[in-house]
Amino acid sequence: MTITERYADPSATLGVVNDVLSVQLAHRSVRRFRPDPVDDSRLHAIIAAAQSAPTSSNLQPWSVVAVRDPARRKRLAALANNQGFIEQAPLFLVWVADLGRAHRLAARHDAPLEATDYLETTIIGFVDTALAAQNAVVAAESLGLGTVFVGAIRNNPLEVAAELGLPEHTVATFGLAIGTPDPAESAGIKPRIPQAAVLHHETYDAETADAQLTGYDESLADYNRRHGLDGDWSSRVLTRLAGVSSLHGREKLRDHLRTRGLPSR
């Protein structure tokens with residue numbers, strides 16, 4: 001059933017299915033949570049899964065701050081566009097691209113560390129953090145928990161760094177709210193773009209890929225109507241990327257990275 005929902009296509013099938021695929025295909029963002037706490041045993045399992053993700057050259061350039069304190073969650077919510085579910089979720093993980101660990105290591109060994117000043121290393125930090133966090137999402141959902149990523153944690157990165165006591169050469173990349181889903185929330189498995197729009201064989205075929213978008217717009221508009229929302233995918237993309245105002249302060253991210261000790265030359 002989940003594969004048909006994922007593509008809004010009753011004829012969609014998979015030739016292979018297992019427990020991991022079932023969890024991944026059933027993913028949805030959860031924005032309403034019950035107050036049940038996420039205990040340390042589940043938190044440690046989620047982080048172990050995160051640390052099992054691939055990492056470039058085994059650099060492991062990330063850290064994560066687990067926030068349970070209601071007052072701190074409230075302050076973080078205010079910094080992240082006042083999204084109420086950050087306060088409601090019993091556990092909020094802030095994922096940190098962390099080159100500070102390498103800088104402290106170099107200082108202890110009186111060793112050079114020039115490569116950390118370049119964009120490539122900043123990208124590695126962000127990519128590895130994202131890989132780890134996605135592993136955490138699959139782990140959390142396999143335990144019956146719900147999750148939602150929060151990119152708005154980048155709206156005010158300097159204030160977030162101060163709130164969390166982040167050292168130099170680190171930056172909060174995004175948040176992840178985790179908790180038991182509230183069954184009263186009206187949400188389902190949101191359809192994705194057909195595979196023919198994203199899967200290319202040998203070379204990129206833009207014409208074939210883009211031909212899929214009209215049908216997808218119809219599918220997503222129908223999903224949105226069923227859940228009290230408006231619009232299709234194309235209008236959402238164009239609105240989201242139309243101007244700088246939609247970035248909510250993130251247009252200053254390069255300057256903020258430099259301030260945090262990540263010059264990204």
Side-chain angles (χ1 to χ4, degrees), residues 1-10 12 17 19-47 49-50 64-95 133-153 155 174-193 216-233 235-236 239-240 248:
M1 180 63 175
T2 52
I3 186 64
T4 64
E5 292 177 284
R6 179 55 71 207
Y7 291 114
D9 180 359
V17 180
D19 291 343
V20 175
L21 284 168
S22 295
V23 170
Q24 291 174 310
L25 290 170
H27 168 75
R28 69 175 181 88
S29 293
V30 173
R31 293 180 174 84
R32 286 181 60 179
F33 298 92
R34 295 171 60 88
D36 317 44
V38 178
D39 59 24
D40 277 348
S41 63
R42 287 183 290 179
L43 172 60
H44 294 161
I46 289 167
I47 301 306
V64 60
V65 181
V67 180
R68 289 188 171 112
D69 177 60
R72 178 164 281 115
R73 293 204 315 272
K74 183 175 183 178
R75 292 193 296 270
L76 288 171
L79 292 171
N81 205 28
N82 295 302
Q83 298 185 77
F85 58 79
I86 297 173
E87 292 184 64
Q88 188 185 55
L91 176 63
F92 189 60
L93 301 182
V94 182
W95 297 85
Q134 178 56 28
N135 257 27
V137 164
V138 175
E141 293 177 355
S142 76
L143 297 172
L145 298 169
T147 68
V148 62
F149 279 117
V150 183
I153 210 72
N155 288 10
F174 44 78
L176 181 66
I178 302 179
T180 302
D182 183 342
E185 182 181 20
S186 176
I189 297 174
K190 184 178 293 184
R192 294 293 197 252
I193 295 173
Y216 178 62
D217 276 338
E218 295 171 357
S219 296
L220 190 60
D222 180 63
Y223 171 90
N224 285 339
R225 280 191 296 271
R226 284 187 277 116
H227 294 285
L229 303 171
D230 295 320
D232 58 22
W233 181 80
S235 60
R236 169 64 175 167
T239 298
R240 174 64 176 80
H248 300 291

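What you see is a predicted model; the values in this text were computed from it and never measured. Values below: every heavy atom of this structure, side chains too, minus hydrogens, waters and symmetry copies.
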Discussion item. For H27 and V138: C-alpha separation, side-chain torsions, deciding distance, then whether side-chain contact (heavy atoms from CB on, under 4.5 Å) applies.
Written reply: CA-CA 8 Å; H27 168 75; V138 175; over 6 Å; no

Worksheet item: Can you find a heavy atom in the side chain of F149 that is under 4.5 Å from one in the side chain of V137?
Response: yes

Practice prompt. Give the intermediate values and the outcome of salt bridge (Lys or Arg N to Asp or Glu O under 4.0 Å) for residues R28 and E5.
Written response: CA-CA 11 Å; R28 69 175 181 88; E5 292 177 284; over 6 Å; no

Fill in: CZ/R236: more than 12 non-hydrogen atoms of other groups inside 6.0 Å
no

Discussion item. So which atom in I189 and which in Y223 form the shortest heavy-atom distance, rounded to 0.1 Å?
Written reply: O-CE1, 3.7 Å

Item to complete: Look up atom CG in D9 and atom CZ in R192, then write down how far apart they are to the nearest 0.5 Å.
Response: 16.0 Å

Worksheet item: G144 and P181: which non-hydrogen atoms are nearest, and at how many Å?
Response: O-CD, 3.7 Å

Discussion item. Please report the interatomic distance CG(D222) to CG(D232), rounded to the nearest 0.5 Å.
Written reply: 12.0 Å

Practice prompt. Before giving the answer on side-chain contact (heavy atoms from CB on, under 4.5 Å), spell out for R68 and L91 the whole-Å C-alpha distance, their side-chain angles and the decisive distance to 0.1 Å.
Written response: CA-CA 5 Å; R68 289 188 171 112; L91 176 63; 4.0 Å; yes

Fill in: Shortest non-hydrogen separation from F92 to L76 and the atoms involved
CD2-CD1, 3.9 Å

Response to the item:
Nearest heavy-atom contact between I46 and A136 is CG2-CB, 3.6 Å

Worksheet item: Between F33 and V38, is any pair of side-chain heavy atoms under 4.5 Å apart?
Response: no

Worksheet entry | Full working for side-chain contact (heavy atoms from CB on, under 4.5 Å) between F85 and V150 | CA-CA 10 Å; F85 58 79; V150 183; 3.6 Å; yes

Worksheet item: Quick check: are there more than 12 heavy atoms from other residues, nucleotides or ligands sitting under 6.0 Å from CZ of R34?
Response: no

Discussion item. With a 3.5 Å distance limit and no angle check, can you tell me whether D182 reaches the backbone of A184 through a side-chain donor-acceptor pair?
Written reply: yes

Practice prompt. Starting at CG of L229, measure out to OG of S186 and round the result to the nearest 0.5 Å.
Written response: 8.0 Å

Fill in: Nearest heavy atoms of A80 and I86, plus distance in Å
CB-CD1, 3.8 Å

Practice prompt. Taking atom CG of D19 as the centre, report whether more than 12 heavy atoms of other residues, nucleotides or ligands fall under 6.0 Å from it.
Written response: no

Response to the item:
To the nearest 0.5 Å, atom CD of E141 lies from atom OG of S22 at 12.5 Å

Discussion item. Using side-chain heavy atoms (C-beta onward) and a distance below 4.5 Å, is L93 in contact with L43?
Written reply: yes

Worksheet entry | Close side-chain approach of T147 and I178, heavy atoms under 4.5 Å | yes

Worksheet, complete the sentence: dist D217:CG -> W233:CH2 (nearest 0.5 Å) comes out at 7.5 Å

Response to the item:
In this structure, CG of D230 is separated from CG of N224 (nearest 0.5 Å) by 7.5 Å

Discussion item. If we ignore hydrogens and angles and just use 3.5 Å, is the side chain of E185 paired with the main-chain N or O of V30 as donor and acceptor?
Written reply: no

Worksheet item: So, do L145 and T180 sit near enough that their side-chain heavy atoms are less than 4.5 Å apart?
Response: yes

Worksheet item: Is the shortest heavy-atom distance from the side chain of I3 to the side chain of V17 under 4.5 Å?
Response: no

Worksheet item: Is R32 close to Q88 at the side-chain level, that is, under 4.5 Å between some pair of heavy atoms?
Response: yes

Worksheet entry | Heavy-atom pair with the smallest gap, counting every atom of S142 and A139 | OG-O, 2.6 Å

